[in-house]
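Working notes, beginning with the structure itself.
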Amino acid sequence: MSPLTGTGGLIRLILRRDRVILPIWVFWMSVMPVFTTASFRELYPDESKLAAFAQTMTDNPSLTALYGPVYSPTVGGLVAWRMSLLIVVLGIISALVVIRHTRTEEEAGRRELIGATVIGRHAGMAAALIVTILADLVVGAVVALTMAASDVPVAGSVAFGVQLAAFGILFAAAAAFGAQLTEGAGSARAILLGAIGVTFVLRMVGNLSGEDGPLHWLVQASPLGWVQELRAFADERWWVLAPVGGLAVVLIVVAVVLQGRRDIAAGLLPTRLGPANAAPGLRSPFALAWRLHRGLLLGWVIGFAVFGSLFGSLGETVNDMLEESPELAQIMAALGGANTLTDMLFGTLFGLMGLIASTYAIQAALRWRAEETNLRAEPVLATAVGRVSYALSHIVFSLLGSGLAVMVGGLGAGIVQGTIAGDAGHWVPRLLGAAAIQLPAVWMLSALTVALIGLAPNASSLSWGALGAIFVISFFGPILGLEQWVLDISPFTHLPKLPGGEVTAAPLLWLGGVLVALLLAGLAGFRRRDVI
Amino acid sequence: MAEAIHIEGLVKSFGRTRALDGLDLTVRTGEVHGFLGPNGAGKSTTIRILLGLLRSDGGSARLLGGDPWRDPTELHRRLAYVPGDVTLWPNLTGGEVIDLLGRLRGGLNQKRKKALLERFDLDPRKKGRTYSKGNRQKVALIAALASEVELLLLDEPTAGLDPLMEAVFNECITEELHDGRTVLLSSHILSEVETLCDRVTIIRKGRAVESGTLDELRHLTRTSISAELAAPPNGLSALDGVHALMVDGNRVHFEVDTSELDAALKQLTSAGVRSLTSRPPTLEELFLRHYQDELNGEEAAR
């Protein structure tokens with residue numbers, strides 16, 4: 001039996017299991033660029049308007065941070081620039097799909113069931129990679145064809161399609177590697193998302209530092225930077241595909257070697273023996289929840305400390321730009337003080353941080369539901385633990401944990417920016433405030449998840465859908481020309497713009513009211529409903 | 001209090017399926033009560049309602065004199081539960097889980113815990129994810145048996161245990177009985193119920209079909225008879241209540257409803273009895289009879 005025996009059957013199994021979700025994401029990933037092309041063509045009908053728009057975008061460091069630099073002030077170039085987040089999204093999806101069909105299967109014990117049939121050792125990984133890579137290639141091909149058909153340069157269209165597919169394939173390969181490391185699929189997902197986050201932040205800091213800046217080499221340290229350096233629509237540099245492809249191949253080879261050496265369901269690290277008796281403190285539902293949540297929370301807090309500090313290091317870059325360009329400084333001063341550009345940058349960065357923290361808020365709340373569906377809530381609720389305190393033991397982590405992570409991020413940014421600017425007393429409280437203001441919106445996603453778990457437990461993962469919609473609204477809403485009421489769906493739309501903006505009580509009270517109502521509804525629902 | 005559990009006309013539906021359909025169940029204080037039924041009969045649903053995890057749609061359920069839905073936490077201090085499907089937290093050791101569940105219940109007898117760990121031969125230092133099914137079951141059993149509670153609710157507690165450990169389990173339950181505790185033991189392992197239980201309730205499709213002591217149940221059911229006669233029997237097959245009749249010359253073998261035993265014996269003596277063995281039905285046969293009805297019903301429906 002070869003290590004790949006049975007791959008065909010497993011591919012059909014994956015296609016059967018993902019028959020709904022796979023076409024959906026392939027479709028949306030494929031059509032977003034051509035929609036944006038049409039809308040840009042309508043908004044900026046001639047070259048001078050395009051050039052003016054491109055210049056405004058280039059001058060705004062917070063946009064450079066999110067999307068990278070504009071390489072070509074043409075319709076195609078601007079679409080590729082604005083859609084660069086789609087590359088990251090495709091990387092995330094590809095990684096999650098591969099883990100779903102490798103480590104998740106192993107952890108659930110289904111891999112063992114299948115492994116006892118005529119299935120080669122590497123067939124599972126091969127099937128997951130083949131399906132994901134093919135899907136990425138379809139996305140790339142459709143994007144290239146549709147963009148070329150809508151009258152932008154063919155080479156650029158192909159390059160943008162290749163950028164998408166290449167990053168997707170790279171992170172499919174990275175996921176195959178990551179799936180070898182841990183026993184739990186959750187930790188594997190966290191590793192992959194963390195890796196994508198790191199490539200994004202490296203790319204961001206490198207680009208903000210400017211083409212000749214001291215930190216520009218960070219772009220070269222980030223695989224996302226490599227893909228971006230293909231520079232679609234601006235004298236494409238096809239050779240950057242060599243390191244991307246090389247890294248993907250290396251990752252797959254290492255994954256195959258690791259998988260060839262380890263036992264099924266085992267991770268790389270052997271599990272050690274633990275204590276025979278519980279510590280004296282392990283005597284309440286909160287103590288149990290702490291044991292279940294602490295690893296994840298620690299990871300997020302460290303991650304946010306790092307991200308926050310990196311964000312803080314960006315402020316000075318913007319000040320440099322102001323010093324180099326007196327006209328820009330004058331305009332900014334007219335708009336409301338020399339700090340406006342820095343403020344705008346931090347506003348955008350903390351908005352991004354809020355969205356990212358929302359994933360933790362949902363993840364922590366959903367752990368409560370996972371405990372229930374995995375039948376681990378049942379033995380606890382069969383003791384003298386009441387339902388409300390059980391629910392609160394998890395909700396506390398969703399609320400306070402996300403709060404802690406965001407505040408640590410704000411503190412890191414404040415300390416770094418304050419140290420660079422030589423005015424920590426000014427910047428630390430200012431950026432802590434900018435971080436804190438995100439929390440009502442972050443907590444809205446906690447509260448929504450709690451309400452779903454209490455009232456419609458089978459639909460509780462819809463909160464991911466809500467977060468997805470909020471992501472789309474935040475990043476693509478303005479370019480897609482969505483109506484104001486659509487933008488208003490996102491709780492982040494209602495937040496005061498800090499730092500620099502004015503804090504009004506009304507939206508915060510609104511958000512707070514809805515939040516409390518959702519939390520109470522969820523708790524009331526959980527008290528009354530059947531527990532699995 | 002004479003009754004630890006009193007259930008009357010309990011109804012529970014999940015969507016269109018009716019899991020419990022007017023179930024009656026009474027467990028007296030201080031007895032080991034066997035709760036028998038095929039998979040999907042509603043045993044676990046009943047126990048979950050008794051734990052206040054599920055809300056009944058009708059009928060009444062009383063547990064230790066209280067309402068399991070209204071005051072679960074107070075009642076839970078006085079009982080321990082072993083689920084049929086034990087899952088442990090992957091990053092907690094077995095010892096930690098035993099301590100935690102005991103403490104959440106309000107206390108654990110450390111001496112008993114130690115003794116039980118030894119008897120069940122369980123290493124408490126292993127992480128939850130590394131235990132086999134049988135060892136996970138042991139963790140839940142030890143957590144329950146080491147607690148100082150009045151009532152044990154055990155849902156198929158020996159699933160996954162090897163015969164040696166099953167014997168240990170049987171010993172433990174017998175000791176529980178001596179300590180004056182009440183046990184509701186759901187099972188489909190008949191020998192276990194037969195050795196341990198004072199009374200038995202058989203449940204099928206959400207209803208109790210038989211309930212009583214094993215002796216009572218046997219009276220209600222069939223006796224199996226083998227006899228060697230002086231002449232070939234006649235008229236046996238015409239009798240009501242005679243089943244599975246096999247005639248081989250002068251030898252007969254049949255089962256007879258206990259209420260019709262007298263008539264059947266008269267038929268035999270009229271032919272002249274040379275030898276006779278009669279055997280009360282085993283629980284196995286009781287149980288199979290109820291299954292058989294179900295199978296026949298299903299075939300008829302086809």
Side-chain angles (χ1 to χ4, degrees), chain A residues 107-109 182-187 265-267 270-296 367 370-390 393 458 526-532, chain B residues 12 14 45 47-56 69 71-108 110 113-114 117 123-130 139-140 143-144 147 153:
Chain A
E107 191 187 22
T182 64
E183 282 187 10
S187 339
T271 31
R272 286 166 301 175
L273 291 178
N277 298 300
L282 188 58
R283 52 172 60 253
S284 69
F286 291 93
L288 173 62
W290 168 246
R291 282 294 296 273
L292 303 180
H293 285 269
R294 64 182 183 189
L296 184 68
R367 187 154 282 199
E371 285 289 293
E372 191 187 342
T373 50
N374 291 329
L375 301 178
R376 291 192 289 252
E378 188 187 65
V380 175
L381 289 171
T383 68
V385 172
R387 290 197 185 187
V388 172
S389 46
Y390 182 74
S393 75
N458 291 329
F526 185 60
R527 279 188 70 182
R528 301 178 53 81
R529 73 167 168 85
D530 290 347
V531 170
I532 287 178
Chain B
K12 176 71 191 175
F14 297 107
T45 305
I47 293 181
R48 283 176 176 168
I49 289 176
L50 285 173
L51 287 167
L53 295 170
L54 301 182
R55 184 177 215 175
S56 68
W69 179 260
D71 27 49
T73 48
E74 277 317 301
L75 293 174
H76 289 174
R77 284 181 207 285
R78 297 159 61 195
L79 64 83
Y81 163 59
V82 174
D85 200 351
V86 181
T87 50
L88 302 175
W89 295 276
N91 55 343
L92 264 66
T93 65
E96 285 180 309
V97 172
I98 293 170
D99 282 345
L100 173 72
L101 290 178
R103 288 168 186 172
L104 292 178
R105 217 172 262 137
L108 191 78
Q110 284 294 337
K113 175 190 149 191
K114 218 176 230 168
L117 280 173
D123 183 350
R125 294 170 304 164
K126 285 193 175 174
K127 294 276 169 73
R129 66 162 73 88
T130 61
V139 169
S147 307
L153 298 176

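The sequence lines fix the lettering, A, B, ..., with proteins before strands; numbering per chain opens at 1. Below, each value reflects all heavy atoms present in this structure, side chains not excepted, and no hydrogens, waters or symmetry copies.
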Fill in: Audit row: Val380(A), Trp89(B), side chain to side chain contact (heavy atoms under 4.5 Å, CB included) steps and yes/no
CA-CA 11 Å; Val380(A) 175; Trp89(B) 295 276; 3.6 Å; yes
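For chain B, the option among Gly386(A), Ala279(A), Pro285(A) with the highest count of heavy-atom pairs below 4.5 Å is Ala279(A). Across Leu53(B), Ile49(B), Leu92(B), the residue that shares the most heavy-atom pairs under 4.5 angstrom with chain A is Leu53(B). Among the candidates Asp99(B), Leu104(B), Leu51(B), Leu153(B), the residue making the largest number of heavy-atom pairs closer than 4.5 Å to chain A is Leu104(B). The choice from Val385(A), Leu292(A), Thr383(A), Val531(A) that makes the most heavy-atom pairs within less than 4.5 Å of chain B is Thr383(A). Ranked by heavy-atom pairs shorter than 4.5 Å toward chain A, the options Leu79(B), Asp85(B), Thr93(B) are led by Thr93(B).
With a threshold of 4.5 angstrom between heavy atoms, Lys12(B) approaches chain A through side-chain atoms but not through N, CA, C or O. For Ala287(A), no part sits under 4.5 Å from any heavy atom of chain B, backbone or side chain. Only the side chain of Arg387(A) comes within contact range of chain B, with heavy atoms under 4.5 Å apart. Using a 4.5 Å cut-off between heavy atoms, Leu75(B) makes no contact with chain A at all.
Sparse packing is recorded around CZ of Arg527(A), with 12 or fewer heavy atoms of other residues, nucleotides or ligands lying under 6.0 Å away. When the shell of 6.0 Å around CZ of Arg294(A) is examined, it contains more than 12 heavy atoms from other residues, nucleotides or ligands.
With rounding to the nearest 0.5 angstrom, the CG atom of Asn374(A) is 6.5 Å from the OG1 atom of Thr87(B). The CG atom of Asp123(B) sits 6.0 Å away from the CG atom of Leu273(A) when rounded to the nearest 0.5 Å. Going from atom CD of Glu96(B) over to atom CG of Asn277(A) covers 9.0 Å, rounded to the nearest 0.5 Å.
Between Pro90(B) and Arg376(A) the shortest heavy-atom distance is CD-NH1, 3.7 Å. Heavy-atom minimum distance, Arg291(A) versus Asn91(B): NH2-O, 3.1 Å. Counting all heavy atoms, side chain and backbone alike, Arg125(B) lies closest to Ala276(A) at CG-CB, 3.7 Å.
Of the charged side-chain nitrogens involved, none lies within less than 4.0 Å of a carboxylate oxygen, so that Asp530(A) and Arg48(B) do not count as a salt-bridged pair.
At distances below 3.5 Å, not a single donor-acceptor pair connects side-chain atoms of Arg55(B) with backbone N or O atoms of Arg529(A).
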